[in-house]
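In what follows, chains are A, B, ... by sequence order, proteins preceding strands, each numbered from 1.
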Number of protein chains: 2
Amino acid sequence: MRLTSHKALRRGRDPRSDKPVFRQIADHLREAIQNGTLAPGDKLPSEAEFVAHYEVARMTVRSALQQLQTEGLVLSEHGRGVFVRPRPQIRRLASDRFARRHRQEGKAAFLAESASAGAEPTVDLIHVREEVADADIARRLGLATGEPVLVRSRRYALNGSPVETATSYIPARIARGTRISEDNPGPGGVYARLEDLGHVLGHFEEEVTARMPAPDEIEILQLRTGIPVFCLIRTAFDVTGNPVEVCDTILSSDVYVLTYDLPAR
Amino acid sequence: MRLTSHKALRRGRDPRSDKPVFRQIADHLREAIQNGTLAPGDKLPSEAEFVAHYEVARMTVRSALQQLQTEGLVLSEHGRGVFVRPRPQIRRLASDRFARRHRQEGKAAFLAESASAGAEPTVDLIHVREEVADADIARRLGLATGEPVLVRSRRYALNGSPVETATSYIPARIARGTRISEDNPGPGGVYARLEDLGHVLGHFEEEVTARMPAPDEIEILQLRTGIPVFCLIRTAFDVTGNPVEVCDTILSSDVYVLTYDLPAR
DNA sequence: TAGTGGTCTAGACCACGAC
DNA sequence: TCGTGGTCTAGACCACTAG
């Protein structure tokens, strides 16, 4: 980026504006990013260059850059510089992604979709254990208080970048002693095993919320500042209407577009 | 909140931690908020009190508070103090919210849901005009380039607080000269009028993304720092599979839970 | 080693809110 | 008026990256 002259900004506030100086600088840069003057991946001028150009203190420049960072427009790399955030490859999650026809191809949902998108999927951080369900999970699964559930946690990555964590809860009375309790539940995943066991799936209910990530989520998903997460809580019901599984998923929101089909009647 | 003594934090960094001081302060406060020591609505100690307690510069305290603000945990009010963010009343959007049986009650979706939730709904900022569709809208509506669309913009509020903006795009060849072009489209809303005109609705496709809001969105939805927005782009199809409307909706994510029903087959 | 961003200090003046 | 947070300055030292 070439710094053009903005005399009005020098020596304190622009008299034509009551906006704080750091906001005016942030607005300049935001506009440059949105109109393409600064393209994704481009390096911004250094803080020192901004200080010289605008004739302000370094903290004022940093406030402007911080503002853009919390908007998710730029990212800073210690020792390298500040860059316009590149747009990651987008993953679309379709509402039919748990349809039986997909399970019958023998692949779990994540692996099947990734393969078709041409990215290299990996799964790690698998923990499988039994616990007493917390109040919310127990309510969703219709469990008695104190009833045990099987908890399956895993993290999914594409081309080495984490994109999603998921934690499944299955009543222990269903899962105990079956392949669902093993690290690898086999072809088609947990849902295929549930159907093998006679719990034919009828439908799913999915709740979607969004919020800023907690520090532990930033770490596990390697998130950048300014990127919210989607929280999905999905309940699987069998054909008789009984809940058989709850899955709590955290998605990095810059990677995902969720698509749903809604009925008109 | 009563400030307990944290000698380890005084006089610079805790030698047992390589975390920056402002992060340690933020972590303390985050924990107090999450374990309930600081309840929603509570006032935090003033910056001056933190400065005296931790024996750090004011900017260090402000960095910690800024951190919590971008996480959406606290909000600051100029001249009053910093407060633990109160949780607003939640609205659930169900996937059957555009079902015909709801339209037939004669109410548009937003008003019908709000009434049942006991909140006072208002709609303002209505603009109705004809424009040339941009590339994305034209693609979704299957329009020729340059073909005009009717654009309907409005903002919805509950009990005086804005919660949602929506912009509808309807091909002008369908809407022109009908009640759809008027400010008040009549009972049941635009969808009811489309069906009156013979465009019987078949289904909707909804795309959900989340991101940090742009400054104009912060203003129009009166958002606080640290709250992402949902972006919904919904396309309405008639029973013959032709798109008849696209609706672009921005939701404040701390007010909404989206719920969807997914098929298992 | 030079340049970058990350943290921190110790002040200053201002704008807003409550009393 | 006084206490609050908002902005800004002019430095300092540190940690990371690159050549």
Side-chain angles (χ1 to χ4, degrees), chain A residues 1 3 8-15 17-27 29 41-70 73-85 215 218 224-226, chain B residues 1 3 8-15 17-27 29 41-70 73-85 215 218 224-226:
Chain A
M1 181 198 193
L3 287 177
L9 269 178
R10 296 184 178 172
R11 295 256 152 249
R13 302 184 179 194
D14 179 350
S17 165
D18 55 0
K19 271 192 294 196
V21 175
F22 83 90
R23 277 213 152 279
Q24 298 182 40
I25 297 174
D27 291 348
L29 293 172
D42 281 2
K43 185 178 178 303
L44 270 61
S46 74
E47 295 180 356
E49 289 174 296
F50 281 127
V51 164
H53 177 74
Y54 291 115
E55 298 179 27
V56 295
R58 188 177 161 218
M59 282 303 301
T60 304
V61 169
R62 284 183 61 77
S63 293
L65 294 173
Q66 168 118 19
Q67 173 68 30
L68 296 176
Q69 214 171 351
T70 65
L73 293 178
V74 305
L75 57 89
S76 64
E77 298 190 25
H78 196 169
R80 298 223 310 133
V82 179
F83 301 84
V84 180
R85 176 188 290 282
I218 290 177
R224 300 286 189 166
T225 345
Chain B
M1 182 199 192
L3 288 176
L9 269 179
R10 296 184 178 172
R11 296 253 150 253
R13 302 185 178 193
D14 179 350
S17 166
D18 55 0
K19 270 192 295 194
V21 175
F22 83 90
R23 275 210 157 281
Q24 298 181 40
I25 297 175
D27 291 348
L29 293 172
D42 282 1
K43 184 180 180 304
L44 271 61
S46 74
E47 296 180 355
E49 288 173 298
F50 281 128
V51 164
H53 177 73
Y54 290 116
E55 298 180 25
V56 295
R58 187 175 162 221
M59 280 306 299
T60 305
V61 170
R62 283 183 62 78
S63 294
L65 293 173
Q66 167 119 20
Q67 174 68 30
L68 296 176
Q69 213 171 353
T70 64
L73 294 177
V74 306
L75 57 89
S76 65
E77 298 191 25
H78 195 169
R80 297 220 312 131
V82 179
F83 301 84
V84 180
R85 174 188 291 281
I218 290 177
R224 301 284 188 167
T225 345

Of the listed nucleotides ([options]), which one gets closest to any side-chain atom of [X]?
X     : options              : answer
B/T60 : D/dG5, C/dT9, D/dT9  : C/dT9
A/V56 : C/dC8, C/dG5, D/dT9  : D/dT9
B/R62 : D/dG5, C/dG5, C/dC8  : D/dG5
A/H78 : C/dA15, C/dT4, D/dT7 : C/dT4
A/R80 : D/dG5, D/dT17, C/dG5 : D/dT17
A/F22 : D/dT4, C/dG17, D/dT7 : D/dT7

Examine D/dC8: is either OP1 or OP2 under 4.0 Å from a nitrogen or oxygen in the side chain of A/S63? Give yes or no.
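False: A/S63 side-chain N/O out of range (4.0 Å or more) of D/dC8 OP1/OP2.
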
So does A/S46 get a side-chain nitrogen or oxygen closer than 4.0 Å to the phosphate oxygens (OP1/OP2) of C/dG3?
no

Just the rounded figure in Å: distance from [atom2] of [N] to [atom1] of [X].
X     : N      : atom1 : atom2 : value
A/E49 : C/dG5  : CD    : C1'   : 13 Å
A/M59 : C/dC8  : CE    : P     : 11 Å
B/E47 : C/dC14 : CD    : C1'   : 14 Å
B/Q24 : C/dC8  : CD    : C1'   : 13 Å
B/Q66 : D/dG5  : CD    : P     : 14 Å
B/E77 : D/dG3  : CD    : P     : 20 Å
A/F83 : D/dA18 : CZ    : P     : 9 Å
A/I25 : D/dT9  : CD1   : C1'   : 13 Å

Got a donor-acceptor pair under 3.5 Å from the side chain of B/R58 to the base of D/dG6?
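Side chain to base: pair found, below 3.5 Å.
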
For Watson-Crick and G-U wobble pairs within 3.5 Å on both distances, what is DNA chain D written in dot-bracket notation, | included for inter-strand pairing?
||||||||||||||||||.

